Amino acid sequence: MILAANFKMNHTRSSTKEYIDSLCRFLKKGNFDQDIEIYLFPPATALDSYECESVRIGAQNAYCAEEGSFTGEIGPVQLGEFGIETVLIGHSERRELFGESQELINKKFAFYKERGFEIFYCIGEKLDIRERGIEEVKSFLRRQLLNIDTDYENLIIAYEPVWAIGTGKSAHAEDIAEVMEFLGSITDAPLLYGGSVKAGNIESIISVEGCEGALIGTASWKVDSFCEIIERAQMRKRS
Ligand code: PGA
């Protein structure tokens, strides 16, 4: 199972360090299952080589060039300094708020795949598509997966319906199940759900057939809340 915290534009370098220290203490004392993989995506200024074996650090965004004149961007050289080999690509906020086209996203995917990075690739439909029914949702998701190598061995797919992100209203288990089944027919990559995941719904989300974890925004920003999610996920797994 994968539980990943997306800090978005929250936390500083020093608060990220404190967060990781507490998270690590929690994981050590909690008789924590090694087959739950924990990831943290801090903002770019808080990327570092943190000393916590049980937590993998990834970048929320990175550009598709080795280095050069790309104001405001970071790439493999900057990530390499900290041994970071995990990157999030295609998050709906990058697509919507920062105008990332599917073409750019495809380039980023190909670039980081070529370098062997672990890629969390995010897909998800907006409300108007969801309201038109599941077949529309599937064809939209299919388009977001076009030209993405779904057989890539270091791929993790996060299904994050845009209408569920940051709204406090997660998708229903049946809706998630339908999408997981569809994605499972296309790829063997681990499938995550994201969108208003919290301690109160993590158990039902990871109980969905085909769902192998969650990408968590808001409810991961406070370390106690993320720890509670991990604890509940672990309890559910053991039961
Ligand atoms: P949320 O964000 O948990 O705040 O809905 C999820 C995400 O954007 O990955």
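Here the structure is a predicted model, which is why all the values come from computation and not from measurement.
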Got a salt bridge between Glu100 and Lys108, using NZ or NE/NH1/NH2 to carboxylate O under 4.0 Å? yes

Worked check of side-chain hydrogen bond (donor to acceptor under 3.5 Å, both in side chains) between Ser207 and Ser204: CA-CA 5 Å; Ser207 305; Ser204 69; over 6 Å; no

Would you please indicate yes or no on a ring centroid separation below 6.0 angstrom for Phe120 and Phe41? yes

Heavy-atom closest pair (Thr16 atom, Ala46 atom, distance to 0.1 Å) is OG1-CB, 3.4 Å

Not counting sequence neighbours, list each pair that qualifies as a ring-ring contact (aromatic ring centres under 6.0 Å, His included) and has a residue in residues 215-239. none

When you look at Glu118 and Ile156, which way does the side-chain contact (heavy atoms from CB on, under 4.5 Å) test go after all the steps? CA-CA 8 Å; Glu118 192 170 32; Ile156 292 147; 3.8 Å; yes

pair Lys126-Phe140: side-chain heavy atoms closer than 4.5 Å: no

In terms of hydrophobic clusters joined by side-chain contacts under 4.5 Å, are Ile165 and Ile176 together? no

Quick one, Thr86 with Ile57, criterion side-chain contact (heavy atoms from CB on, under 4.5 Å). Give me CA distance, side-chain angles, the key distance, then yes/no. CA-CA 7 Å; Thr86 303; Ile57 304 293; over 6 Å; no

Which residue, Arg232, Lys198, Arg236, forms the salt bridge (Lys or Arg N to Asp or Glu O under 4.0 Å) with Glu203? Arg232

May I have the step-by-step check of side-chain contact (heavy atoms from CB on, under 4.5 Å) for Asn61 and Ile89, ending in yes or no? CA-CA 6 Å; Asn61 178 40; Ile89 295 178; over 6 Å; no

Between OG1 of Thr150 and CD1 of Ile157, what distance do you get to the nearest 0.5 Å? 6.5 Å

Student check: side-chain heavy atoms of Asn6 and Ile216 closer than 4.5 Å: no

So how far is it from Ile229 CD1 to Gln234 CD, rounded to the nearest 0.5 Å? 14.0 Å

So, Arg56 and Glu37, do they make that salt bridge, N to O below 4.0 Å? no

Using only atom types and a distance under 3.5 Å, with no angle test, would you say the side chain of His91 pairs donor to acceptor with the backbone of Glu93? yes

Value rounded to 0.5 Å, distance of CD in Glu73 from SG in Cys64: 8.5 Å

So with a 6.0 Å cut-off around NZ of Lys8, is the heavy-atom count from everything else above 12? yes

With a 4.0 Å cut-off on N to O distance, would you call Asp21 and Arg25 a salt bridge? no

Between Ser15 and His11, is there a donor-acceptor pair closer than 3.5 Å when you use the side chain of the first and the backbone of the second? no

Begin with the C-alpha distance, continue with both residues' side-chain angles, and end with the deciding distance and a verdict on ring pair (Phe, Tyr, Trp, His ring centres under 6.0 Å) for Tyr63 and Phe111. CA-CA 9 Å; Tyr63 193 60; Phe111 182 87; 8.1 Å; no

Given side chains that start at C-beta, do those of Phe7 and Tyr19 come closer than 4.5 Å, heavy atoms only? yes

Would you compute the distance between atom CD1 of Ile206 and atom CD1 of Ile36 and round it to the nearest 0.5 angstrom? 7.0 Å

Quick check: closest heavy atoms across Ala171 and Pro161, and the distance to 0.1 Å? CB-CG, 4.2 Å

Are any side-chain N or O atoms of Glu125 and backbone N or O atoms of Leu141, one a donor and one an acceptor, separated by less than 3.5 Å? no

Transitively linked via ILVMFWY side-chain contacts under 4.5 Å: Val208 with Met1? yes

Check Gly124 against Gln144 and note the closest heavy-atom contact, atom names and distance. N-OE1, 2.9 Å

Going by heavy atoms in the side chains, are Leu88 and Ile119 under 4.5 Å from each other? no

Test item: Ile205 and Cys211 side chains (from C-beta on) under 4.5 Å apart, heavy atoms: yes

Between Gln78 and Gly75 (side chain of the first, backbone of the second, donor and acceptor by atom type, cut-off under 3.5 Å), is there such a pair? yes

Look at Arg115 together with Glu66 and state whether they make a salt bridge at an N to O cut-off of under 4.0 Å. yes

Applying side-chain contact (heavy atoms from CB on, under 4.5 Å) to Leu183 and Tyr159, what does each step give before you reach the verdict? CA-CA 9 Å; Leu183 294 174; Tyr159 167 58; 4.1 Å; yes

Let me check something: do Leu40 and Ile74 share a hydrophobic cluster, defined by ILVMFWY side-chain heavy atoms less than 4.5 Å apart, either directly or through other members? yes

Can you confirm whether Asp35 is buried at CG, in the sense that more than 12 heavy atoms of other residues, nucleotides or ligands lie under 6.0 Å from that atom? yes

Spell out, as yes or no, whether a donor-acceptor pair under 3.5 Å connects the side chain of Glu212 to the backbone of Pro190. no

Kindly indicate whether the side chain of Ile202, heavy atoms from C-beta on, has any atom under 4.5 Å from the side chain of Leu3. yes

Return yes if some donor-acceptor pair links the side-chain N/O of Asn154 with the main-chain N/O of Gly116 below 3.5 Å, else return no. yes

Is it the case that more than 12 heavy atoms not belonging to Glu136 sit under 6.0 Å from its CD atom? yes

Donor-acceptor pair, side chain of Asp48 and main chain of Tyr50, under 3.5 angstrom: no

Measure the shortest side-chain to side-chain distance between Arg94 and Gln60 over non-hydrogen atoms and say whether it is less than 4.5 angstrom. no

Hey, is the main chain of Gly168 close enough, under 3.5 Å, to the side chain of Ser196 for a donor-acceptor pair? yes

Contact check, side chains of Pro43 and Asn10, non-hydrogen atoms, under 4.5 Å: no

Aromatic Phe98 / basic Arg95 pairing, under 6.0 angstrom, 45° off normal: no

To the nearest 0.5 Å, what is the distance between CD (Glu178) and CD (Glu209)? 14.0 Å

Please report the closest heavy-atom contact between Ala59 and Leu79, naming both atoms and the distance. CB-CD2, 3.7 Å

Same apolar cluster: Val137 and Trp163, side chain cutoff 4.5 Å: no

Any donor and acceptor pair, going by atom type alone, linking the side chain of Thr187 with main-chain N or O of Gly184 inside 3.5 Å? no

Quick check: closest heavy atoms across Gly210 and Met180, and the distance to 0.1 Å? O-SD, 4.0 Å

Say whether Phe82 and Tyr39 are linked into one hydrophobic cluster, either directly or through other cluster members, by side-chain heavy-atom distances under 4.5 angstrom. no

When rounded to the nearest 0.5 Å, the distance separating CG of Leu145 from CD1 of Ile123 is 4.5 Å

Minimum-distance pair of heavy atoms, taken over all atoms of Val197 and Gly194: CG2-CA, 4.3 Å

Tyr121: which of Phe109, Tyr152, Tyr112 passes side-chain contact (heavy atoms from CB on, under 4.5 Å): Phe109

